[in-house]
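First listed ligand is number 1; within each ligand, the first listed atom is number 1.
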Amino acid sequence: MKNLDLSSGAAHFLSPRAAVENTIAALQKNETFYGEIAGLPALREAVAKRYETDYQAIISPEHVLITAGTKHALFTLFSVVLQPGDEVILPAPTWFGFTELFKLLHVKVILLETVPEENYAITPEKLEGLITEKTKLFIYSNPGNPTGRIYTKPEIESWLNMLETYPQVKILSDEIYDLIVYDQHKITSLKQFPDPQQKHMLVNGFSKNFGMSGWRIGYIIAPEEILKKCVHFQQTTISGVNPFIQEGGVATLESLPEFLPERIEALQKNRKLLCNWLDKQPEISYTKPDAAYYIFADLNKLLQTEKLRQKGLTTSAKFCQFMQDELKILMQPGEKFNAPGFVRITFAVPENDLLETLQRLSVFLEQQ
Ligand code: PMP
């Protein structure tokens with residue numbers, strides 16, 4: 001039986017042609033020496049321009065740092081703005097990458113619990129209730145991984161207004177899925193808001209929007225003082241990102257209209273297939289995602305059915321392990337996202353893989 005991997009954070013799309021060609025050309029031109037620490041000027045400019053085009057946000061390329069993937073962007077920012085023992089507020093369910101990085105840096109995570117019944121809302125009251133004098137950062141991902149939830153302009157505004165009374169609490173928005181949106185939705189970038197206290201930080205990258213996870217290109221947009229420290233951190237740790245790789249990044253941003261719309265259409269089709277199937281499962285509930293390529297499904301009811309209990313499948317972790325061993329279907333258990341009882345299903349897979357998955361799941365559930 002073929003393995004069906006719906007657990008990955010990476011879409012199955014190939015890298016854009018223009019990226020591959022530009023990188024090959026750069027290698028042939030011997031762009032193989034150290035480059036500028038903060039990144040290729042052409043790429044920093046292209047990133048600033050993208051935020052102007054997509055969000056009408058005026059950003060100086062000087063405030064952009066190109067990093068080796070978004071994880072390294074996060075690691076860099078956390079390293080320069082946080083000290084061991086500091087507290088950060090992190091909405092849950094949350095991507096496990098954040099919590100792992102905080103563990104590494106001995107930073108204390110305060111989870112802000114959000115629930116599907118409230119459409120994973122974060123209210124300023126909930127947020128304020130978690131602030132102590134040790135709180136140094138509020139981080140959120142927009143759209144959310146694993147929920148696909150888009151936080152709206154009024155919502156973000158309400159957090160920012162409240163956080164103005166806490167100047168020591170910086171704000172970080174992870175916008176790595178910002179272009180993967182459905183049904184005319186659009187995300188609101190943190191860069192669209194004024195930043196009088198110079199404490200708004202943003203990360204993004206090429207892994208998700210453009211299917212370029214192996215290239216390791218990400219970036220930070222931050223106020224001058226913070227960015228200076230990040231550049232120093234980058235100089236000390238990795239001396240900058242490979243210049244020929246960044247040339248591929250420039251070509252990607254220039255060629256977006258040639259490949260992005262058809263990918264979104266394919267994802268939208270898969271989302272519909274999966275939602276239609278889930279709608280027919282009385283024991284599984286979910287919130288339809290407006291963005292990204294995951295469905296975070298609630299299995300709590302299913303896990304309480306007699307048949308699953310008889311098989312010992314009483315938790316989402318056990319359920320996912322069983323699916324992997326017996327049905328060769330890989331999914332991420334909710335335990336990894338601080339949400340036991342849920343599973344994260346990636347629908348950025350070939351349509352046939354998704355259909356085969358749903359077929360195997362239907363047979364399994366009908367046998368119950
Ligand atoms: N942030 C979020 C919310 C993610 O989901 C991921 C990847 N799963 C990353 C950051 C890391 O991305 P990159 O491949 O650019 O390091």
Participant: Tell me the residues surrounding ligand 1, counting only those with a heavy atom closer than 4.0 angstrom, sorted by chain and number.
Facilitator: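 For ligand 1, the residues that come within the 4.0 Å heavy-atom cutoff are Gly69, Thr70, Lys71, Trp95, Asn145, Asp174, Ile176, Tyr177, Ser207, Lys208, Arg216.
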Participant: Would you mind listing every salt bridge (charged side-chain N to carboxylate O under 4.0 Å, His left out) that reaches into residues 343-353, with sequence neighbours excluded?
Facilitator: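 Salt bridge (charged side-chain N to carboxylate O under 4.0 Å, His left out) check on residues 343-353 returns Lys2-Asp353, Lys269-Glu351.
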Participant: Tell me if the centroids of the rings in Phe347 and Tyr294 come within less than 6.0 Å of each other.
Facilitator: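 Distance test on ring centres: not under 6.0 Å, no.
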Participant: Using side-chain contact (heavy atoms from CB on, under 4.5 Å) as the criterion, list what pairs up with Leu260, not counting sequence neighbours.
Facilitator: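 Applying side-chain contact (heavy atoms from CB on, under 4.5 Å) to Leu260 gives Leu179, Ile264.
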Participant: Enumerate the side chain to side chain donor-acceptor pair (under 3.5 Å) contacts for residues 234-256, please, sequence neighbours excluded, ordered by first and then second residue.
Facilitator: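 Side chain to side chain donor-acceptor pair (under 3.5 Å) check on residues 234-256 returns no pairs.
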Participant: For Asp174 and Asn142, run side-chain hydrogen bond (donor to acceptor under 3.5 Å, both in side chains): C-alpha distance rounded to whole Å, both residues' side-chain angles, the deciding distance at 0.1 Å, then the answer.
Facilitator: CA-CA 6 Å; Asp174 181 334; Asn142 195 22; over 6 Å; no
Participant: Working to the nearest 0.5 angstrom, can you tell me the gap between Leu274 CG and Tyr293 OH?
Facilitator: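 If I round to the nearest 0.5 Å, the distance is 15.0 Å.
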